[in-house]
Amino acid sequence: MAFNHKHLIDITQYSADDIMLMLETAKSFKQVNERRVKQVPTLKGFTVVNMFNEPSTRTRSSFEIAEKRLSANSLNFGGSSTSTVKGESLVDTVETLCAYKIDMIIVRDKHAGVPRKIADVSGVSVIDAGDGKHQHPTQALLDLYSIWERKGSFDNLKVAVVGDIGHSRVCGSLIPALKIMGCEVTVVAPPTLMPARPDVLGADHVSYNLDEVLPEMDVVYMLRIQRERLEGAPYPSLREYNMLYGLTEKRDKLMKPDCCVCHPGPINRGVELDSFMADHPERSIILDQVYAGILVRMAALYLLLGGSNDGFDA
Ligand code: CP
């Protein structure tokens, strides 16, 4: 199957076939990651710039590891160590990097739309590693991969996305991606953390009551409270939020026995997710999501830089 994308900025531009190709390619990279020598020469000679202008643990480290495992050259760039602090514009910064004949820019930025702007001015492949409240498409792909591995397919899956829907860029990619793959999606949040128009996200159902929704679900995806993006106090206290919307031990009995729990990380333990659920040996697939981050990012690098599903140099 042909893969005709140069960028990964907006997951809604990807079809179910594109996403399945990404997931199958990610799965094929498991064999590289489970060897003693975890490296293949597939992207030898390609140069990838990791431009992280906002903090990151998982996304940044897994992109760097993915690049190294595919033998690409990486340049880590961004934040307060660059000449943007002297007033250099985004366009001048990108044009400077492109003068080095790079092949791809991976960008995280607090401003929505920066990855698209970079794609327009650079001419190279761009991956959005999270932009403002807009999207985080590789997060959505690794979430899909983890759910697919656990459940075997997306058919008839009921997924609840719970928490800070209004400030979440994870939602901006995850909900459309789940819908593209045919899942039934319910968003659950207090009214103050729900966007004014939740229907725009494309979910099938909107609920303000977690306990009513939980018994039906196959997957519960808990979102982090985006403290850095909140203005004012959208709920009386973290304790009250935990009581009404947190996935606590008490709620375990409301859930189907095979319902699994996802979280993009970082977790606010004791707020949206108690340690009982975060570390639950059967329910939690959070560390599977972390591992899938490497697999899916290897697949994205490989496919966007011109690989096919015919196989890679082993
Ligand atoms: N999920 C996620 O994007 O985590 P980081 O902010 O640590 O990259």
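Whatever order the structure lists them in is the order used to number ligands and atoms, beginning at 1. Note that these values count all heavy atoms, side chains included, but never hydrogens, waters or copies made by symmetry.
Near T57, meaning under 4.0 Å from one of its heavy atoms, ligand 1 places the atoms 5 (P), 7 (O), 8 (O). Close contacts between ligand 1 and T59 involve ligand atoms 2 (C), 3 (O), 4 (O), 5 (P), 8 (O) [criterion: under 4.0 Å to a heavy atom].
Applying the 6.0 Å contact sphere to NZ of K151 captures more than 12 heavy atoms from other residues, nucleotides or ligands. For E88, the CD atom sits in a packed shell: over 12 heavy atoms of surrounding residues, nucleotides or ligands are nearer than 6.0 Å.
Taking only nitrogen or oxygen atoms, main chain and side chain alike, G265 reaches within less than 3.5 Å of ligand 1. Polar contact with ligand 1: absent for R60 (N/O pair, distance under 3.5 Å).
When only modelled atom types and interatomic distance are considered, Q135 and D131 share no side-chain donor-acceptor pair under 3.5 Å.
Nearest protein heavy-atom neighbour of atom 6 (O) of ligand 1: R108 NH1, 2.9 Å. Nearest protein neighbour of atom 4 (O) of ligand 1, counting heavy atoms only, is R58 NE, 3.1 Å.
I9 and L174 are assigned to two separate hydrophobic clusters, defined by single-linkage of ILVMFWY side chains at heavy-atom distances under 4.5 Å.
No side-chain heavy atom of D288 sits less than 4.5 Å from a side-chain heavy atom of E149.
For E54, the closest heavy-atom approach to ligand 1 does not fall below 4.0 Å.
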